[in-house]
J.: 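Take this structure first; my questions come after.
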Amino acid sequence: MRTARYILGRILKAFLIVLAVAIMNFFLIRIAPGDPATVIAGQSGDADAIYLQQLRSDFGLDEPMPVQLGIYLKKLAVLDFGMSYRERRPVSQIIWERLPPTLEITASAFVLALFAGVLLGTVAAVNRGGVWDRAATAFSLVFYATPLFWVGLLLVLVFSVELDWLPAFGRTTIAGPDSGLPTLLDRLKHLVLPVLTLTLFYLALYARMTRASMVETLDMDFIKTARAKGIGRARILFVHALRNAVLPILTLAGVQVGQLLSGTIIVETIFGWPGLGLLAFNAVLQRDYNTLLAVFFVTSILVVLANLVVDGLYVLIDPRTAART
Amino acid sequence: MRRVLASLPRRDWIFVLSVIVLVLVLGMALSARLLFPGGPWEVVGPPVVPPFTKGFLLGTDTIGRSVLAGIFYGARVSLLVGIVATALPFLLGMLIGAIAGYSGGLVDDALMRLTELFQTVPHFMLALVLVAILTPSITSIIIAISVVSWPPVARLVRAEFLSLRNREFVEAAVLAGRSHTSIVFKEILPNALGPVVVMASLMVATAILLEAAISFIGLGDPNLMSWGYMVGASRTALRTAWWVSVVPGLAVFLTVLAINFVGEALNEALNPRSALRAYK
């Protein structure tokens with residue numbers, strides 16, 4: 001019962017955040033220079049008068065502000081972001097096309113970074129002050145300070161330009177194999193560099209966090225008790241300690257999903273990966289605010305959803321969570 | 001202040017090296033006009049001259065501009081953004097955090113929900129939207145970075161205020177009939193500063209990285225040479241002129257790394273017991 005109420009509360013909160021982002025979007029359009037109609041049309045200046053007039057009545061732009069907001073929210077509720085002037089079709093349609101490639105690289109990078117980061121951080125915490133610890137710390141510090149775009153370009157320089165091992169552009173080879181195992185391999189090869197670029201930064205973050213959290217947990221009394229009871233080292237580490245140490249990491253991971261999605265703008269731009277990030281980049285170049293804001297809205301929803309998942313996991317790992325709030 | 005300086009690790013070579021890097025960056029920023037009076041956009045030689053050629057220490061880019069001049073002028077932008085886009089969100093976050101933590105109740109609730117909202121949305125995405133909408137310039141970049149980076153400061157300051165608000169020395173000040181402003185600024189704030197200052201050093205690094213990424217995407221100030229812009233503008237020529245992308249990226253990397261190391265040393269000097277904890 002308590003858990004159900006906790007989860008419901010979280011869902012309500014998630015909904016309120018999405019609503020707030022929608023309202024934020026509404027006001028962002030209005031601080032853009034020029035008539036909101038030209039902003040919504042994308043391509044400021046190029047849109048013709050009849051189209052602008054239609055937008056004005058569609059979005060009720062001649063009505064008072066609260067009415068405008070109501071109309072806008074109603075449209076966002078059914079994910080109607082208007083038309084892309086550039087591509088001459090609904091923005092939502094483009095977003096649906098671009099979503100899977102972005103989820104592909106962010107999910108891969110997220111899972112990889114989390115596993116490798118937790119492993120690295122644990123190894124560092126166990127060998128506190130040792131060679132492994134210092135190596136892990138150095139690794140984290142270095143990648144924490146490296147601009148994402150620089151990592152990406154260096155990887156391209158080494159693995160594509162110099163060694164010619166991996167493709168540096170796109171999601172598949174144009175006119176490449178079109179079925180079976182060769183296609184899969186081709187897709188995987190294209191995934192490596194963008195995913196690695198995204199992974200390295202977050203890996204550094206999670207490793208740092210895990211180390212700090214593990215060091216603290218390993219000093220706690222229940223670990224000493226477990227040791228005194230003669231429980232095996234690996235079991236203490238991965239079952240007893242990690243379960244407690246993982247909570248702050250999970251929180252961080254949830255918070256960082258937004259930054260991971262932001263990172264796709266850089267990574268997809270470098271690797272020509274046809275996802276939301278590249279869509280945002282092109283929207284920036286073309287001053288297509290409408291598409292840009294749609295991408296912002298959709299990625300914010302993804303972050304909120306990810307945080308809901310984290311909240312759920314929290315209750316699973318530590319049932320006391322629901323009781324505390 | 002003197003005590004903090006004294007406890008900094010003067011013998012730690014990484015710390016010393018970091019300070020040297022930062023002094024060098026500052027030196028480059030200050031001497032750019034003097035050493036390269038023609039500015040960073042001036043064509044000074046043939047295009048695509050590789051580094052370490054006589055007269056072109058770091059080579060030239062695809063249209064013959066000096067990469068070294070770009071690095072010097074880029075230092076100005078990075079430092080400016082690093083300092084201003086830290087100071088602004090720092091003050092804003094302190095103000096919001098102090099009001100929330102000191103007043104509590106509904107005001108606290110409302111401000112914290114606002115903070116959460118800004119922490120949830122993808123930062124870089126929001127910054128890009130803001131710069132694009134406000135039209136790219138150094139001012140809009142600083143505003144955008146400020147808008148996305150105040151929430152952690154607000155949360156930290158609020159937490160400090162909540163824990164300090166009920167201490168005896170604050171109660172004594174209340175009983176003495178001091179005003180709210182006097183209590184906040186003279187009693188609580190000085191005691192809450194330690195962890196917040198450490199956070200500021202990390203914010204400088206983040207601000208520099210954000211500016212570089214914004215300029216890389218092509219939304220930098222069109223009148224100012226920045227490291228991120230250099231990398232972004234030359235990335236398509238990676239095969240023929242790799243150094244034009246690699247060198248400015250290295251400059252960002254070293255600067256940010258140095259700031260992080262100095263920040264960590266500050267952390268250990270100011271909050272010896274909670275080393276690394278303020279990182280969240």
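Quick note on labels: first sequence line is chain A, next is B, and so on, each numbered from 1. All values reported here derive from a predicted model rather than from experimental measurement.
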J.: In terms of heavy-atom contacts, does CZ of B:R155 have more than 12 from other residues, nucleotides or ligands at under 6.0 Å?
T.: no
J.: Which heavy atom of A:Q259 sits nearest to which heavy atom of B:F124, and what is that distance?
T.: OE1-N, 4.3 Å
J.: If we only count heavy atoms from C-beta on, is the B:L126 to A:M24 side-chain gap below 4.5 Å?
T.: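 With C-beta onward as the side chain, the pair touches.
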J.: Just distance, no hydrogens or angles: give the donor-acceptor pairs under 3.5 Å from side chains in residues 209-218 of chain B, sequence neighbours left out.
T.:
residue : atom : partner : partner atom : Å
B:E211  : OE2  : B:S215  : OG           : 2.7
B:E211  : OE2  : B:S226  : OG           : 3.1
B:S215  : OG   : B:E211  : O            : 3.1
B:S215  : OG   : B:S226  : OG           : 3.2

J.: Less than 4.5 Å to any heavy atom of chain B: does that hold for the side chain of A:I270, its backbone, both, or neither?
T.: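 Both parts, backbone and side chain.
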J.: What pair of heavy atoms forms the shortest contact from A:L157 to B:V246, and how long is it?
T.: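 Minimum heavy-atom separation between A:L157 and B:V246: CD2-CG2, 3.7 Å.
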J.: Does B:L128 reach the side chain of A:F281, with side-chain heavy atoms less than 4.5 Å apart?
T.: no
J.: For the residue pair B:V129 and A:L28, what are the closest heavy atoms and their distance?
T.: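 Nearest heavy atoms, B:V129 then A:L28: CG1-CD1, 3.9 Å.
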J.: Would the number of heavy atoms belonging to other residues, nucleotides or ligands and lying under 6.0 Å from CG of A:L12 be above 12?
T.: yes
J.: With heavy-atom distances below 4.5 Å as the criterion, would you say the side chains of A:V303 and B:P122 are in contact?
T.: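 Side chain of A:V303 against side chain of B:P122, heavy atoms only: contact under 4.5 Å found.
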J.: Do you know which of B:V256, B:L254, B:L250 has the most heavy-atom pairs with chain A at a distance under 4.5 angstrom?
T.: B:L250
J.: Hey, are the side chains of B:F253 and A:V142 touching, using non-hydrogen atoms and a 4.5 Å cut-off?
T.: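 Yes. Closest side-chain heavy atoms under 4.5 Å.
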J.: Tell me whether A:Y144 contacts the main-chain N or O of B:N260 through its side chain, where contact means a donor paired with an acceptor under 3.5 Å.
T.: no
J.: Measuring only between side-chain heavy atoms, which start at C-beta, is B:M125 closer than 4.5 Å to A:F297?
T.: no
J.: With a 4.5 angstrom heavy-atom cut-off, is it the side chain or the backbone of B:P248 that approaches chain A, or both, or neither?
T.: neither
J.: Side-chain contact test, heavy atoms from C-beta onward, threshold under 4.5 Å: evaluate it for A:I17 versus B:R113 and give yes or no.
T.: no
